[in-house]
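Just so it is clear: chains get the letters A, B, ... in the order the sequence lines come, proteins before strands, and each one is counted from 1. Just so it is clear, the values below take in all heavy atoms, side chains as well, and ignore hydrogens, waters and symmetry mates. Predicted, not measured: the structure shown is a model, and the values here were computed from it.
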Protein chains: 2
Amino acid sequence: MTNDPSFVCIVDDDASIRQALAGLLRSVGLTVFAYPSTEDFLADARPDGPGCLVLDVRLPGQSGLEFQRELEGMGIHLPVIFITGHGDIPMSVTAMKAGALEFLTKPFRDQDLLDAVHKAIELDRDRRRDDAALSELRERFQSLTPREREIMLLVAAGQLNKQIAAALNLSEITIKVHRAQVMRKMQAKSLPDLVRIADKVSATPFRFTGAEL
Amino acid sequence: MTNDPSFVCIVDDDASIRQALAGLLRSVGLTVFAYPSTEDFLADARPDGPGCLVLDVRLPGQSGLEFQRELEGMGIHLPVIFITGHGDIPMSVTAMKAGALEFLTKPFRDQDLLDAVHKAIELDRDRRRDDAALSELRERFQSLTPREREIMLLVAAGQLNKQIAAALNLSEITIKVHRAQVMRKMQAKSLPDLVRIADKVSATPFRFTGAEL
DNA sequence: TCCAGGTCTATACCAACGTATAATCGGCCA
DNA sequence: TGGCCGATTATACGTTGGTATAGACCTGGA
């Protein structure tokens with residue numbers, strides 16, 4: 001459908017499997033990066049586009065399941081598709097609970113992997129889009145002065161200018177000035193607009209604590 | 001922790017397993033309903049409280065996986081914990097993708113089931129609370145007249161009274177009257193409040209189409 | 001037929017909001 | 001020390017929103 005530069009990463013210590021998988025995925029036009037270990041995967045640079053990770057559960061050293069968790073911890077949210085030759089049910093359940101998109105047992109049908117990969121890339125595309133939009137909002141929020149941030153949240157909470165003024169021991173006109181600045185900097189075209197932006201910016205993760213004011 | 005009347009339903013065609021599971025769950029103070037088949041489960045009335053379903057994957061007739069889907073289709077969102085003696089990985093993956101909370105293989109440790117059940121009940125408690133809150137908002141929204149609903153959504157979209165008036169070919173004062181009525185009926189204490197309510201009411205599922213105006 | 005409810009409108013007044021202009025003050029940095 | 005930025009406040013004006021009161025019109029049901 002869309003023609004973004006998407007990619008698939010493969011991590012498998014078996015060279016013949018890497019080659020077979022890479023060949024399959026390349027045969028449908030996908031860009032493939034194959035690595036024998038998680039370390040090699042981490043060391044290499046990935047393109048800035050939607051992608052996914054095809055990961056062998058059993059790896060020398062760190063298991064695929066552990067690596068999945070590690071990636072989350074590092075803030076790398078690439079969708080993960082597990083493949084395994086010797087898996088068991090608890091393993092697959094753990095993987096799925098941790099957010100794996102698919103858990104395929106060898107031998108699997110080529111089409112099953114291709115379906116999973118395509119779905120994963122679509123998911124990542126959506127996630128990246130959402131992340132980018134949220135990042136931009138957060139940047140704008142960070143560009144506000146502490147006072148402006150404070151007032152923005154009170155406005156979004158439904159407080160009147162005069163109430164905010166009383167709460168902060170300021171004059172109402174001061175609130176108006178800051179408020180106008182908030183609307184401008186946040187590129188909010190209306191109060192409902194600002195409310196939705198505020199809710200997104202304050203949403204988890206990075207729960208709002210008040211300390212960053 | 002909390003002392004709501006919570007319950008666990010068991011569906012397993014093996015009477016001895018039913019008894020064993022029921023005994024285990026009752027031993028920790030849970031209210032248990034055990035059924036030999038999905039039909040019996042559906043025929044019986046469940047208490048109006050948070051609960052979960054412990055479901056054997058292999059059942060005579062309909063499989064547990066099919067039943068899980070059927071429950072979703074019927075709008076019964078009880079968390080499902082699968083147990084099985086003869087499961088495989090694709091089965092567990094399918095179940096987890098369909099939203100199962102846990103997939104235990106026999107024999108499993110009692111504590112694993114108890115942990116899953118307690119977590120499931122907590123989840124259901126939260127879900128029920130959210131559902132109840134949303135239902136109340138939907139009821140209020142339905143108590144609005146068609147005109148009021150229409151104006152509420154335009155207000156929440158950030159349109160000015162005069163813009164709404166122009167769009168609907170009405171006078172501005174008419175909009176004000178309806179708008180005030182909307183705030184009263186929806187129990188919104190401020191415009192940001194109304195915006196959040198509108199977003200919840202219009203959120204999926206039951207996507208807003210405009211036809212219900 | 002009468003009534004209730006929904007819809008629409010008007011006048012009038014007040015509160016709240018937005019904007020422009022301008023000025024003061026303190027801190028920080030080159 | 002001069003300049004910039006953030007914060008604060010003021011005056012003034014215009015727009016927008018909220019409320020009260022009141023009346024008109026229409027439709028469907030008792």
Side-chain angles (χ1 to χ4, degrees), chain A residues 137-199 201 208-213, chain B residues 137-199 201 208-213:
Chain A
L137 291 185
R138 278 203 223 277
E139 264 177 46
R140 285 182 205 157
F141 187 67
Q142 283 307 315
S143 80
L144 298 182
T145 67
R147 238 339 174 215
E148 287 162 358
R149 280 196 280 274
E150 187 176 25
I151 288 172
M152 169 172 164
L153 295 172
L154 290 170
V155 167
Q159 300 279 294
L160 300 181
N161 286 346
K162 64 161 54 178
Q163 292 175 315
I164 299 172
L168 302 182
N169 204 19
L170 297 174
S171 85
E172 193 177 336
I173 188 66
T174 305
I175 309 303
K176 287 188 185 182
V177 171
H178 287 315
R179 182 171 178 158
Q181 190 74 338
V182 166
M183 294 296 286
R184 201 181 55 72
K185 286 189 180 176
M186 296 305 294
Q187 298 177 28
K189 286 171 290 302
S190 64
L191 178 54
D193 203 1
L194 186 72
V195 169
R196 294 189 178 94
I197 292 172
D199 285 355
V201 169
F208 174 70
T209 62
E212 59 274 60
L213 287 177
Chain B
L137 291 185
R138 278 204 223 278
E139 265 177 46
R140 285 182 205 158
F141 187 67
Q142 283 307 314
S143 82
L144 298 182
T145 67
R147 224 7 159 202
E148 288 163 358
R149 280 195 279 275
E150 186 176 25
I151 288 172
M152 169 172 162
L153 295 173
L154 290 170
V155 167
Q159 300 279 293
L160 300 180
N161 286 345
K162 64 162 52 178
Q163 292 175 316
I164 299 172
L168 303 182
N169 203 19
L170 297 174
S171 86
E172 194 178 336
I173 187 67
T174 304
I175 308 302
K176 288 188 184 182
V177 171
H178 287 313
R179 181 171 178 159
Q181 190 74 338
V182 166
M183 294 297 284
R184 203 181 53 73
K185 286 189 180 177
M186 296 306 293
Q187 299 175 29
K189 287 170 289 300
S190 64
L191 179 53
D193 203 0
L194 187 73
V195 169
R196 294 190 179 92
I197 292 171
D199 285 354
V201 168
F208 176 69
T209 62
E212 59 274 60
L213 289 177

Seminar exercise, completed: Rounded to the nearest 0.5 angstrom, the CG-NE2 distance for A/Asn161 and A/His178 is 11.5 Å
For this session: Find the distance A/Lys176:NZ to D/dT16:C1' and express it as a whole number of Å.
Result: 12 Å
Exercise. Does A/Thr145 have a side-chain nitrogen or oxygen under 4.0 Å from the phosphate oxygens OP1 or OP2 of D/dA7?
Worked result: yes
Exercise. Of the candidate nucleotides D/dT19, C/dT19, C/dC17, which contains the atom at the shortest distance from the side chain of A/Glu172?
Worked result: C/dC17
For this session: Take atom CD of B/Glu150 and atom P of C/dG6, then tell me their distance rounded to the nearest Å.
Result: 16 Å
For this session: For side-chain contact (heavy atoms from CB on, under 4.5 Å), just list the numbers for A/Leu154 and A/Leu168, CA-CA rounded to whole Å, side-chain angles, deciding distance to a tenth of an Å, and then say yes or no.
Result: CA-CA 10 Å; A/Leu154 290 170; A/Leu168 302 182; 4.2 Å; yes
Problem set entry | Toward the 5' end of DNA chain C, by each residue's nearest nucleotide, B/Ile151 or A/Leu191 | B/Ile151
For this session: Could you state the atom-to-atom distance from CZ of B/Arg149 to C1' of C/dT7 in whole Å?
Result: 14 Å
Exercise. So which one's nearest nucleotide on DNA chain C is more toward 5', B/Glu148 or A/Leu160?
Worked result: B/Glu148
Problem set entry | Between P of D/dG17 and CZ of B/Arg184, the distance in whole Å | 20 Å
For this session: Check the distance between C/dA16's P and B/Met183's CE and give it to me in whole angstrom.
Result: 14 Å
Problem set entry | Nucleotide D/dT8, atom P - distance to CZ of A/Arg179 in whole Å | 16 Å
Exercise. Has the side chain of A/Arg179 got a donor or acceptor atom that lies under 3.5 Å from a matching backbone atom of A/Ile151?
Worked result: no
For this session: Return the minimal non-hydrogen interatomic distance between A/Ile173 and A/Ser171, and the atom names on each side.
Result: CG2-OG, 3.0 Å
Exercise. Between C/dC17, D/dG18, D/dA10, which one does the side chain of A/Ser171 approach most closely?
Worked result: D/dA10
Exercise. So, is B/His178 near the phosphate of C/dC8, with a side-chain N or O under 4.0 Å from OP1 or OP2?
Worked result: yes
Seminar exercise, completed: Sorted by position of nearest nucleotide on DNA chain D, 5' first, the leading residue of A/Ile175 and A/Gln181 is A/Gln181
Exercise. Does a side-chain N or O from B/Asn161 land closer than 4.0 Å to OP1 or OP2 of D/dT16, or not?
Worked result: no
Problem set entry | Sugar-phosphate, base or nothing in reach of A/Ile173, heavy atoms under 4.0 Å | base
Exercise. When all nucleic acid strands are considered with a 4.0 Å heavy-atom cut-off, which category describes A/Leu170: base, sugar-phosphate, or nothing?
Worked result: sugar-phosphate
Exercise. Do B/Arg196 and B/Pro192 come within less than 4.5 Å of each other through their side chains, counting heavy atoms only?
Worked result: yes
Exercise. Between A/Lys162 and C/dA16, does any side-chain N or O lie under 4.0 Å from OP1 or OP2?
Worked result: yes
For this session: Round to a whole Å and report the spacing from CZ of A/Arg147 to P of C/dG26.
Result: 16 Å
Exercise. Given D/dT9, is OP1 or OP2 found less than 4.0 Å from the side-chain N or O atoms of A/Thr174?
Worked result: yes
Seminar exercise, completed: The residue, A/Leu168 or B/Gln159, whose nearest nucleotide of DNA chain D is more 5′ is A/Leu168
